[in-house]
**Student:** 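Here's a structure for you.
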There are 2 protein chains.
Amino acid sequence: MITLNDKTYTCPVDVTLGFIGGKWKLLILFHLHYFTKKSYAEIRDNLPGISEKMLSQQLKELERDQLIEKNVITKKPYRVEYYLSTEGKSLAPLYEFASEWGIAYLKKHDIDYIQDQHLYK
Amino acid sequence: MITLNDKTYTCPVDVTLGFIGGKWKLLILFHLHYFTKKSYAEIRDNLPGISEKMLSQQLKELERDQLIEKNVITKKPYRVEYYLSTEGKSLAPLYEFASEWGIAYLKKHDIDYIQDQHLYK
DNA sequence: CAGCATCCTATGCGATACTG
DNA sequence: CAGTATCGCATAGGATGCTG
């Protein structure tokens, strides 16, 4: 058993899951990986279906866990940009592979999807 | 948008998450990866904290999604073994990396954990 | 624009007991 | 031994409106 931040994990895989588990975090990390830097609104618009609550919540947790960082560009109007930290970039193999595996799966099963150039390159 | 089994996904990462998302699937896959073949009871005992309901449910879904397969060894007494399918093995980079990243994180932060030889090698 | 507060629902997940 | 059924809770997640 591993104890970390008052939570217990059963193995290292579990620890990693503690950081990127849930419906949105890996998607957010992947998109920041792809676009390098993104405003709040840009992330939101790139993740169809995410609610503002979930987005701000997940961003805050990712920031707390030091996987992403935030710059305040201008105070008025308030503008920010999010980007991956070194720690967040170290997870690149994970979300890159997840993306590639997904693409391969779709191809293998002849499932069409709208190949958005920005999203999937 | 990608439609697959009556569910919609926003990008390939999301598709992959559809197969391995949740609290247990990646752990199950990783353990089967490590131990090659495992009975129901062995998997259960290697995943401290999992309930029988979750285990059987997740195993069924993984089987349905063709990431694992099951052999019935003997009918009486009923004995089975689970193991990764080719498709399940193709996810190896994902759970292997998740494990390595977790280990690296623990080391980096000087967090002790009981290094069970069987579980973590 | 960024992002929190509130309220609400769905469901993931756990505990326990039971069956072939 | 390998599961399934039932129950119930906790929390993940969604919709909407408000604030600096």
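Below, read A as the first sequence line, B as the second, and so on, with proteins coming before strands; counting in each chain starts at 1.
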**Student:** For residues 101-111 of chain B, run the donor-acceptor check on the side chains, cut-off 3.5 Å, and write out each pair with its distance to 0.1 Å, sequence neighbours left out.
**Tutor:**
residue	atom	partner	partner atom	Å
W101(B)	NE1	S90(A)	OG	2.9
K108(B)	NZ	E87(A)	OE1	2.7

**Student:** Using a heavy-atom cut-off of 4.0 Å across all strands, would you classify K70(A) as base, sugar-phosphate, or nothing?
**Tutor:**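 Sugar-phosphate: the residue K70(A), judged by heavy atoms under 4.0 Å, touches backbone atoms but no base.
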**Student:** Under 3.5 Å, sequence neighbours excluded: what are the donor-acceptor pairs made by side chains of residues 61-73 of chain B?
**Tutor:**
residue	atom	partner	partner atom	Å
E61(B)	OE1	K25(B)	NZ	2.6
E69(B)	OE1	Y83(B)	OH	3.2
N71(B)	ND2	E81(B)	OE2	3.4

**Student:** Could you state the atom-to-atom distance from NZ of K75(B) to C1' of dA2(D) in whole Å?
**Tutor:**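 Atom NZ in K75(B) sits about 13 Å away from atom C1' in dA2(D).
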**Student:** Please identify the 5'-most and 3'-most nucleotides of DNA chain C with any atom under 4.0 angstrom from a heavy atom of chain B.
**Tutor:**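 Here the contact window of chain B covers dC13(C) to dA15(C).
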**Student:** Between atom CG of L91(B) and atom CG of L94(B), what is the distance when rounded to the nearest 0.5 Å?
**Tutor:**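 L91(B) CG to L94(B) CG: 6.0 Å, rounded to 0.5 Å.
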**Student:** Hey, are the side chains of L27(A) and C11(B) touching, using non-hydrogen atoms and a 4.5 Å cut-off?
**Tutor:**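 A side-chain contact exists here, since the closest heavy-atom pair is under 4.5 Å.
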**Student:** Rounded to the nearest 0.5 Å, what's the gap from CG on L84(B) to CG on L32(B)? Could you check?
**Tutor:**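 So the gap between those two atoms works out to 5.0 Å.
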**Student:** Can you name the one residue among N46(A), L47(A), D45(A) that meets side chain to side chain contact (heavy atoms under 4.5 Å, CB included) with I43(A)?
**Tutor:**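 Single pass found, and it is L47(A).
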**Student:** Specify the angle, to 10°, made by the local axes at the two ends of the helix from dC1(C)-dG20(D) to dG20(C)-dC1(D) when five pairs are taken at each end.
**Tutor:**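 Inter-axis angle at the termini of the helix from dC1(C)-dG20(D) to dG20(C)-dC1(D): 50°.
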**Student:** For nucleotides 10-20 of chain D, read 5' to 3', which letter fits each nucleotide if B means a protein heavy atom sits under 4.0 Å from the base, S means only the sugar-phosphate is that close, and - means neither?
**Tutor:** ---BBB-----
**Student:** Check the pair V80(A) / T74(A) against side-chain contact (heavy atoms from CB on, under 4.5 Å), numbers first and verdict last.
**Tutor:** CA-CA 7 Å; V80(A) 300; T74(A) 62; over 6 Å; no
**Student:** Say whether S39(B) and E42(B), considering side chains only, have a donor N or O and an acceptor N or O under 3.5 Å apart.
**Tutor:**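 The criterion, which ignores hydrogens and geometry beyond distance, is satisfied for E42(B) and S39(B).
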**Student:** Checking all strands, does K76(B) fall into the base, sugar-phosphate, or nothing category for heavy-atom contacts under 4.0 angstrom?
**Tutor:**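 Touches nothing.
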**Student:** Applying ring-ring contact (aromatic ring centres under 6.0 Å, His included), can you list everything that pairs with Y40(A), at least two apart in sequence or on another chain?
**Tutor:**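 Testing Y40(A) for ring-ring contact (aromatic ring centres under 6.0 Å, His included), a comparison that skips the adjacent residues, returns none.
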**Student:** Looking at S99(B) and Y95(B), would you say the former's side chain and the latter's main chain have a donor-acceptor pair under 3.5 Å?
**Tutor:**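 No, the answer is negative, given that no donor and acceptor are paired below the 3.5 Å cut-off.
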